[in-house]
Amino acid sequence: MRYHSTRDKSKSLTGGEAIIKGISEDGGLFVPESIPKLPGIENMLEMSYQEIAQMILGMYLTDFTSDEIKEAVEQAYDSKFESDEIVPLVVKGEAVFLELFHGPTFAFKDMALSILPYLLKTALKKNGIKDEIVILVATSGDTGKAALEGFKDVPGTKVIVFFPEDGVSPIQRKQMLTQEGENTYVVRLNGNFDDAQNGVKKMFGDELFNKELGQKGYVLSSANSINIGRLIPQIIYYVHGYLKLIKEGVVKNGDLVNVAVPTGNFGNILAAYYAKEMGLPIAKLICASNDNRILTDFFQTGAYDRRRQLMTTSSPSMDILISSNLERFIYHTSGEDDQLIIEKMSELSKEGFYHYQAERDLVYPDMATEEEISYWINHLHNEEDYIMDPHTAVAYCAYKKYCELTKDHNFTMIASTASPYKFSDKVLKSLGVVSTGNDEFEKLGQLSELMHGQVPSKLAELESLPVLHDHLCDPVNMKEITLELLKGGAHHD
Ligand SMILES: *Cc1c(COP(=O)(O)O)cnc(C)c1O
């Protein structure tokens, strides 16, 4: 399997090379030359999460040996997940929540970022690269922590995370600022997520800067969802979820299901699209946005227009105006038209908008306001005694609107992307619980009672952990601070 750039089809890399590079020099994203097909459902029914992972990764990363893939899978999907099943399913009515938040940082980013470091390490070895890898991360909250955890003390790597100073939840902030590990750096940014993402993209594209780093023994790589090594592991849970629904008798083999995904950078929903193209019987992709409804508008009208104010919402991981992976989706659904991508992306960067009518049959776009998020969190709790986080509630709301509009009764898999504990403030307010104080940890306690469970220990202990990172910078200084943090030079061992 070779990988092309969305902006240059003639580029041809192995999976390992694409993972190391993260993004193509031409600004494009790496995409597989073709989408492999799953074996028949009946041949996969007895597979564990890890076995499905091995099978899917093996199809995409053909330059890896099966032992290399097996080892990465075993190191990634182990007891650091709270559940043996890795992704537990919770069925409510005609929907099932794929709970993707039982990893070490309580958000779905763990699904891919617990394996990416092992894929990257293997790729480096295979390609004879001796430089130290610097993972640059722009985060709206969850990727940062998951990357820090995933790469913490992995030899030959350093991680530098930029998060928007006012754009993450108190728990996310605390999770990142208390990060341990010799090779981890966390920087608060005076700006929003798009500033962070732009700054990081600029560093990747800056030849002189990369040369300078090269002289110090460093090479940049990315753990953002632009890295194909993030995307491929996300296909696994859709396949796993469908198989489990069949095994539990909820759907029959071959029944069509819909997928509802709370969407920001379009990575998670793109993985569902890949799963569909691989042969999983997915009918609709319900693309759910919050008040930053740029994708809803795009799919409804064909106009992608970023000339608007980014809003800060209760689902911060979706507070995005530049949805990077949409580029991959347009590439695939336009018949791999790299010239079209060059044209549209240059319009976006120069004018701030472009027009393109994406395929209408595949994607149902909708959005949830802050009031709707609260309403559905409260409603589901009342009806089913089940509590969702605000991101998942965005997807649930879009799903409900879709059902109302179409009367479609296909079973729906809802990507449940974060633990409610990570966003306890909004959840408690939605449930009408008056918080006694402003204290985050008191809120966790209150929420745990409503959830009939215990606050996960990794979150409870945050309260007493010391803050270890105190860098703050403006978007224009991201390059400078990166050089400053790396000034000691690479360590070779
Ligand atoms: C990252 C994230 C999303 C958005 O996922 P994309 O792949 O960027 O579309 C949604 N919910 C949570 C909790 C996240 O962390």
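Atoms within each ligand, like the ligands themselves, are counted from 1 in listed order. Nothing fancy with the numbering, it's 1 onward along the sequence.
Heavy-atom contacts of T263 reach the following atoms of ligand 1: 9 (O) (cutoff under 4.0 Å). When each atom of ligand 1 is checked for a heavy atom of D142 under 4.0 Å away, the hits are 12 (C), 13 (C), 14 (C), 15 (O). Contact atoms of ligand 1 toward F266: 6 (P), 8 (O), 9 (O) (distance under 4.0 Å to a heavy atom of the residue). Annotation for ligand 1: atoms under 4.0 Å from non-hydrogen atoms of A418 are 13 (C).
No donor-acceptor pair under 3.5 Å is formed between the side chain of R7 and the backbone N or O of L29. Panel note: side chain N227, backbone I19; a donor-acceptor pair is recorded below 3.5 Å. Remark: side-chain polar atoms of S5 are not paired, donor with acceptor, to backbone N or O of S24 under 3.5 angstrom.
Salt bridge status for K401 with E372: present, with a side-chain N to carboxylate O gap under 4.0 Å. Salt bridge K80/E149: absent, no basic N to carboxylate O contact under 4.0 Å.
For atom 7 (O) of ligand 1, the closest heavy atom belonging to the protein is N268 N, 2.8 Å. If you check which protein heavy atom lies closest to atom 12 (C) of ligand 1, you get T417 OG1, 3.4 Å. Atom 8 (O) of ligand 1 has its closest protein heavy atom at N265 N, 2.7 Å. Closest to atom 1 (C) of ligand 1, if we only count protein heavy atoms, is K109 NZ, 1.3 Å. G264 N, 2.8 Å is the protein heavy atom nearest to atom 9 (O) of ligand 1.
Inclusion of H391 in the set of residues having an N or O under 3.5 Å from an N or O of ligand 1 is not warranted. Considering both main-chain and side-chain atoms, G267 comes within under 3.5 Å of ligand 1 through a nitrogen or oxygen pair. Considering backbone and side-chain atoms together, A107 places no N or O closer than 3.5 Å to any N or O of ligand 1.
Ring-plane geometry between F329 and F299 is classed as perpendicular, the angle between the planes exceeding 60 degrees on a 0 to 90 degree scale with a lower cut at 30.
Of all the heavy atoms of F108, the ones lying under 4.0 Å from any atom of ligand 1 belong exclusively to the side chain.
Among W376, Y402, Y386, the single residue meeting the ring-ring contact (aromatic ring centres under 6.0 Å, His included) criterion with Y396 is W376.
Note on ligand 1: P262 sits in its first shell, one or more heavy atoms being nearer than 4.0 Å.
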Please determine whether ring pair (Phe, Tyr, Trp, His ring centres under 6.0 Å) holds for the pair H391 and F423, giving the CA-CA distance in whole Å, both sets of side-chain angles, and the decisive distance to 0.1 Å.
CA-CA 9 Å; H391 301 78; F423 302 94; 4.6 Å; yes
Mind running ring pair (Phe, Tyr, Trp, His ring centres under 6.0 Å) on Y421 and F106 for me, showing each step along the way?
CA-CA 8 Å; Y421 287 112; F106 305 98; 7.9 Å; no
